[in-house]
Structures are given as structure tokens and as C-alpha cells.
Amino acid sequence: MTKKSTYARFGIAAGVLLAIAGATTAASAAAGWSYTGPTGPSHWASIDASYAKCADGSAQSPINLTSSVKRPLTNLGFGYVAGEAGIFNNGHTVEAEPLGTNTSTVTIDNKAYSFLQVHFHAPSEHEVNGLHYPVEVHFVNKATDGSLAVVGVFIKRGKANEDWQPFIEKMLTATANAEDTKVELDWAKLLPSNPITLRYNGSLTTPGCAEGVKWNVMTTPIEMSDAQIATFLEAYSGNNRPVQPLHGRVVQLDSTVNK
Ligand SMILES: [Zn+2]
């Protein structure tokens with residue numbers, strides 16, 4: 001399948017993608033690394049020995065999604081449930097995490113992962129045919145063996161999104177402590193309804209850039225209003241790591257619809 005048909009098939013038109021470049025992040029250097037200047041992405045590995053993978057890794061994220069191979073993979077099995085969420089600002093992004101007993105899970109390739117947190121990057125970290133979406137959110141999930149699986153969701157301009165509004169309303173006032181800002185979030189409703197993903201093996205996109213992360217980028221973006229997206233950009237803009245070399249990795253498309 002060519003790159004064009006891959007995205008056309010799932011409704012990602014180049015016209016809805018925005019290239020946002022040159023934005024700078026408001027808060028930076030909170031933990032020794034940043035997204036610009038002498039502590040920016042090209043210097044991460046020299047900041048701390050534990051960040052070496054950021055420079056010498058062979059399976060790094062994010063990547064430019066330009067082509068994929070169709071595979072009869074089973075769709076992600078989301079078992080996300082609503083609950084109390086704590087919102088906090090870690091100096092590089094704003095996150096929301098379940099508070100109390102967390103029972104949200106996602107099953108990928110017959111392996112269960114517990115949902116840990118969701119955060120965002122603006123513009124998107126993954127590119128689609130070289131273009132960025134305005135925002136990309138990452139749902140981070142962890143298996144009992146410690147391995148990580150991240151679900152990436154693109155945000156495009158469109159209708160206002162009520163399910164995300166409790167998070168958005170607190171983004172600019174959240175402190176570093178999740179216990180300070182509690183809201184109710186229905187995690188499942190923060191996802192697109194189409195479960196199709198592009199999958200590849202990658203890394204964390206922040207130092208130390210650890211590899212062995214299962215990436216699942218959903219092909220259908222969710223919509224938000226201009227005002228909602230503006231709030232994300234007011235919180236952080238330019239907190240995206242540049243795309244990394246593929247080094248022969250193959251991106252898989254779980255093209256078997258709604259199994
Ligand atoms: Zn992320």
C-alpha cells in the first residue's frame with residue numbers, strides 16, 4: 001500500500017494537517033533538559049550519562065509515518081473506565097493520571113497493560129507524511145513486567161470536545177502535584193472511536209529515551225475547537241522531540257477493521 005492510500009483510506013487528509021514550526025516552549029529547563037538551545041534534543045545525551053540512548057539508540061521515537069504494511073492484527077482492547085483524575089504540570093507538559101485504585105487497562109497482542117497517565121505535545125511528535133498535527137496526546141500504559149505501550153492520538157481542529165474539557169480547564173493552573181487538581185475524567189471517551197492503529201517499536205520521546213516501547217498511533221484524530229487547542233498551546237508549545245531515523249523498522253497497520 002502506498003503512503004497516500006494508507007492515509008486517505010482512514011480519512012487523514014493532508015489539508016487538515018498543520019505544519020507548526022518555530023514555536024518555543026514557555027516553561028523549560030525544569031529538569032536539566034528542554035526543547036530548545038543548549039539543553040535541547042540534539043544535546044540531551046550530553047546532559048547526563050543515563051540519556052545516552054537519545055543519541056546512540058537504534059529504535060527511537062517519534063518517527064515520520066510515511067508508509068506501513070497491513071497486518072491482520074487484533075485491534076487494541078481498551079478497558080479504560082471513568083474515574084477521578086489528578087492533573088499536574090511536570091515542567092515539560094501537563095499530565096492527567098488516575099487517582100486512587102486504577103482499573104483502566106489496554107490489551108495489545110494478548111498482553112495487558114495498566115493505564116498510567118496521559119500527557120500532550122504541541123505540535124505533534126509523530127509526523128504523517130512530513131506534516132504535524134497541532135497537538136498529539138500520549139496514553140502511557142505499563143505491563144506487570146515493566147514494559148511500556150504508548151497510544152498516540154492526534155488532535156485536529158474541528159468541533160469542541162466536551163470529554164476533554166475538564167482537563168483543558170485546569171491545564172493552565174495545574175501545579176506540580178496531581179493531588180492539587182482533581183477532576184472526573186472518562187478515559188475511554190478521550191480516545192477516537194475508530195480503533196485502527198499504526199504500530200512500531202520505539203522509545204520514550206523524553207530523556208533517557210529508553211527503547212522497548214510499543215507504539216500504537218491511532219490513525220483517526222480527535223477533534224477540538226480552536227479555543228481548546230489554543231489552551232494546549234498556551235500551556236506548552238514546541239514541546240515535541242524531532243522525528244528520528246527509522247533504521248529499518250517497519251510500521252504495521254492493524255488493517256482488520258473492528259475485529
Ligand atoms: Zn509523550
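In listed order, ligands and their atoms are each counted from 1.
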K.L.:
Can you pull out every salt bridge (Lys or Arg N to Asp or Glu O under 4.0 Å) where at least one residue sits in residues 184-202? Sequence neighbours excluded, please.
P.N.:
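Every pair satisfying salt bridge (Lys or Arg N to Asp or Glu O under 4.0 Å) with a residue in residues 184-202: Asp109-Arg199, Asp186-Lys189, Arg199-Asp254.
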K.L.:
Should the heavy atoms of other residues, nucleotides or ligands under 6.0 Å from CG of Asn110 be counted, would the total exceed 12?
P.N.:
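No, because the 6.0 Å sphere around CG of Asn110 holds 12 heavy atoms or fewer from other groups.
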K.L.:
Which is it for His119 and Tyr236 under the ring pair (Phe, Tyr, Trp, His ring centres under 6.0 Å) test, yes or no, and what are the steps along the way?
P.N.:
CA-CA 11 Å; His119 63 268; Tyr236 285 99; over 10 Å; no
K.L.:
If I take atom CG from residue Leu73 and atom CG from residue Asn216, how far apart are they, to the nearest 0.5 angstrom?
P.N.:
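It comes to 9.5 Å.
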K.L.:
For the Zn ion (ligand 1), what is the number of protein N, O or S atoms at a distance under 2.8 Å?
P.N.:
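For the Zn ion (ligand 1), the figure is 3.
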K.L.:
Does any pair with a residue in residues 53-77 pass ring-ring contact (aromatic ring centres under 6.0 Å, His included), and if so which ones, sequence neighbours excluded?
P.N.:
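Checked against ring-ring contact (aromatic ring centres under 6.0 Å, His included) - neighbours excluded - no pair reaches residues 53-77.
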K.L.:
For Arg241, give me all partners under salt bridge (charged side-chain N to carboxylate O under 4.0 Å, His left out), at least two apart in sequence or on another chain.
P.N.:
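Salt bridge (charged side-chain N to carboxylate O under 4.0 Å, His left out) check on Arg241 returns nothing, list empty.
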